[in-house]
Amino acid sequence: MKGIIGCSEDAQVIIVPICKEDVVRGGMMVGGEPVELELRPSAGDKEALTWLCSPSDSPEMLFIGLGERARVDVECVRHAAGYAGRTVMRDKLEQVQVSFGWLAQCSLSAAEAAGAWMEGWSLGSYAFDRYKSAAAERVVPVVHLDVEPSEAVEERIRVANRRAEGTMLARDLANEPPNEIRPETLARRVLKHFEDTSVKVEVLPVSSLELQGMAGLLAVGRGSVHPPVLIKMSYVTDPSKPLIALVGKGITFDTGGISLKKDYNISDMRMDMAGGASVIGAMEILSRSGAALNVVALVPAAENMPGGNALLPGEILTYTNGLTVQIGNTDAEGRLVLADALLYAHRLGAAEVADIATLTYSCTGALGSKYAGVWGEQTLVDSMREVAALVGEKVWQLPLADEYDSYLDSDCADLCNVSSVGEAGAITAALFLRRFVHPSMKWVHLDMAGLKEVSAAKGYLVQGATGFGTRLLAEWVLHRAAQHEGKEGL
């Protein structure tokens with residue numbers, strides 16, 4: 001999506017974001033100045049869209065409501081831009097101008113508003129339609145931003161473009177049908193995507209997984225004819241910095257294995273690799289940032305399928321840290337593959353690690369579809385929460401409650417992969433992962449099960465995969481790298 005700073009003489013529509021307070025009887029206020037236009041009082045309500053037709057030689061006007069002025073922030077602007085972008089693209093308009101006269105009355109800077117607008121516009125205009133035989137022709141408009149040019153504005157737009165591109169990459173991968181994304185084809189996609197970039201990609205096949213002792217990944221992938229792999233992505237521009245690791249669950253389809261899922265429709269289980277997709281998208285953002293970083297991303301990828309060689313309930317696996325795990329339920333496979341990746345991250349020398357996964361229905365039951373659960377070392381949790389507020393991807397801290405640790409006890413192994421008690425499922429999953437985090441490595445865990453997709457467009461989210469976690473993880477890495485230097489993050 002192309003954004004240009006300045007006005008356009010060829011604009012077919014002028015978009016004007018307005019607040020509730022801007023709509024007054026007999027007209028409205030734009031930038032504190034009265035304009036003689038008659039709009040309904042509801043035109044300034046959040047998410048309201050109002051078209052105003054003009055003579056043929058003048059551009060039309062589209063007013064997008066932001067709600068109460070005191071509550072306008074960058075996330076509000078992102079969502080407004082998403083609505084506006086879909087509306088304009090539906091009408092196939094090619095030249096668009098966005099007026100930011102409302103800035104004079106809000107607390108946002110021109111740079112913040114311009115960046116948020118372009119980020120929301122790009123993400124809200126996204127569509128995954130490559131498998132539709134009669135997909136509508138997409139006209140991508142040029143967006144002119146009516147703000148004073150400055151280096152700050154240009155930088156915010158560059159950041160917005162990076163974030164949007166990475167998130168759309170994650171959405172593309174998670175939206176793909178399961179016959180197009182198997183563990184090895186996912187690896188090939190990653191190799192191809194980063195082949196001409198500064199991201200080094202290595203794919204560990206079954207033989208390498210065996211040498212590394214990755215018991216969980218090998219066991220989960222046994223039931224499928226499509227073998228598991230570990231995808232390793234490295235972006236190192238300053239090897240003197242502490243190594244930060246990102247780990248994303250990459251189950252390309254999850255039937256539950258022998259513990260077969262009982263849901264009527266499990267087609268969304270193709271998105272059980274949404275955590276892995278967000279890690280891949282985050283590496284796209286980081287590689288475009290030009291920042292001095294030392295980061296590695298790991299995606300343990302497998303299909304969890306029933307079959308003659310599938311992992312069986314009751315089996316015992318031995319991990320490289322010596323822990324033995326009894327399989328109580330093969331549908332709790334995500335934690336088995338993440339455990340391998342966490343152990344491997346330590347062997348690579350990671351000082352800090354963040355993992356993200358569509359891990360438990362319990363987390364969705366506790367927090368719903370708007371918040372991801374976060375657990376871990378308090379410094380990392382605090383930085384994750386701080387960054388989440390900036391990028392608009394919400395997280396809520398849940399406890400690593402030691403009182404529940406005994407729920408994972410096994411009669412014949414060190415622990416079981418599922419709790420013996422029907423409560424606190426998301427917490428016990430986090431406690432399971434904690435067993436595989438080396439004491440020298442700081443760790444934070446994200447459970448995004450309820451946020452992997454949406455059923456209808458809203459703001460800058462569109463139907464299908466959301467790409468949740470992509471922007472969050474990328475900005476978290478940049479934030480941590482800045483903190484390591486004693487600086488503040490973005």
Side-chain angles (χ1 to χ4, degrees), residues 1-8 15 17 73-82 84-85 95-100 103 108-126 140-172 193-194 196-199 233 235-238 246 278-293 295 297 386-393 460 467 469-482 485 487-490:
M1 191 70 62
K2 187 175 183 181
I4 297 176
I5 300 171
C7 298
S8 169
I15 300 175
D73 57 15
V74 290
E75 183 70 353
C76 176
V77 175
R78 288 189 197 106
H79 280 298
Q95 297 286 335
V96 177
Q97 181 172 310
V98 185
S99 171
F100 289 102
L103 279 174
L108 298 181
S109 69
E112 289 173 325
W117 186 271
M118 288 309 302
E119 189 174 336
W121 182 284
S122 297
L123 293 175
S125 304
Y126 169 88
V140 180
V142 176
V143 182
H144 298 264
L145 304 173
D146 186 8
V147 293
E148 287 293 325
S150 70
E151 178 55 36
V153 170
E154 292 178 357
E155 175 58 21
R156 286 283 180 170
I157 292 175
R158 285 193 291 267
V159 169
N161 289 336
R162 289 197 296 267
R163 289 177 177 174
E165 288 297 326
T167 303
M168 290 189 288
L169 171 60
R171 288 179 179 181
D172 280 346
H193 182 82
F194 289 112
D196 295 322
T197 73
S198 51
V199 176
M233 295 159 279
Y235 178 66
V236 181
T237 53
D238 187 348
L246 301 177
S278 69
V279 165
I280 296 165
M283 291 299 283
E284 167 73 3
I285 296 172
L286 293 171
S287 68
R288 290 177 174 225
S289 72
L293 296 171
V295 60
E386 183 179 346
V387 170
L390 295 176
V391 301
E393 296 193 323
Y460 62 81
T470 304
R471 295 174 299 142
L472 174 60
L473 290 173
E475 295 303 326
W476 178 79
V477 170
L478 293 170
H479 186 270
R480 292 302 300 163
E485 292 184 353
K487 300 177 181 178
E488 293 184 0
L490 284 176

Residues L145, V153; criterion side chain to side chain contact (heavy atoms under 4.5 Å, CB included); working and verdict: CA-CA 10 Å; L145 304 173; V153 170; 5.7 Å; no
Just wondering, do H193 and V199 contact through their side chains at under 4.5 Å, heavy atoms? no
Quick one: closest heavy-atom pair of G467 and R171, and the distance? N-CG, 3.7 Å
Does a side-chain heavy-atom distance below 4.5 Å link W117 with I15? yes
Under 4.5 Å between any side-chain heavy atoms of I280 and F194, yes or no? yes
If you measure from CD1 on I4 to CD on Q97, what distance do you get to the nearest 0.5 Å? 11.0 Å
Looking only at heavy atoms, what is the nearest atom pair of Y235 and L286, with distance? CE2-O, 3.5 Å
Candidate pair W121 and V96, rule side chain to side chain contact (heavy atoms under 4.5 Å, CB included), full reasoning: CA-CA 12 Å; W121 182 284; V96 177; 4.0 Å; yes
Between L478 and S289, is a side chain to side chain contact (heavy atoms under 4.5 Å, CB included) present by the stated rule, with each step listed? CA-CA 9 Å; L478 293 170; S289 72; 4.1 Å; yes
If only atom types and distance count, is the side chain of S287 paired as donor or acceptor with the main-chain N or O of E284 below 3.5 Å? yes
Can you tell me if CD on E148 sees more than 12 non-hydrogen neighbours from other groups inside 6.0 Å? no
One should read off an interatomic distance between R156 CZ and E112 CD, to the nearest 0.5 angstrom, of 5.5 Å
Side-chain contact test, heavy atoms from C-beta onward, threshold under 4.5 Å: evaluate it for N161 versus R288 and give yes or no. no
What I'd like to find out is whether the side chain of V477 reaches to under 4.5 Å of the side chain of L473, using heavy atoms alone. no
Non-hydrogen atoms of A481 and L293 that approach each other most closely: CB-CD2, 3.5 Å
What distance do E393 atom CD and T167 atom OG1 have between them, rounded to the nearest 0.5 Å? 6.5 Å
For a 4.5 angstrom cut-off between non-hydrogen side-chain atoms, does L123 reach M168? yes
Between E475 and R163, is any pair of side-chain heavy atoms under 4.5 Å apart? yes
Looking only at heavy atoms, the pair that brings G120 and A81 closest together is C-CB, 3.9 Å
What is the minimum heavy-atom distance between S278 and G469, and which atoms define it? CB-C, 3.9 Å
Please give me the minimum heavy-atom distance between T470 and G281, naming the atom from each residue. CG2-C, 3.3 Å
Taking the side chain as every heavy atom from C-beta outward, state whether Y460 and E75 have any pair of such atoms under 4.5 Å apart. yes
List the steps, then state whether side chain to side chain contact (heavy atoms under 4.5 Å, CB included) holds for L246 with W476. CA-CA 10 Å; L246 301 177; W476 178 79; 4.1 Å; yes
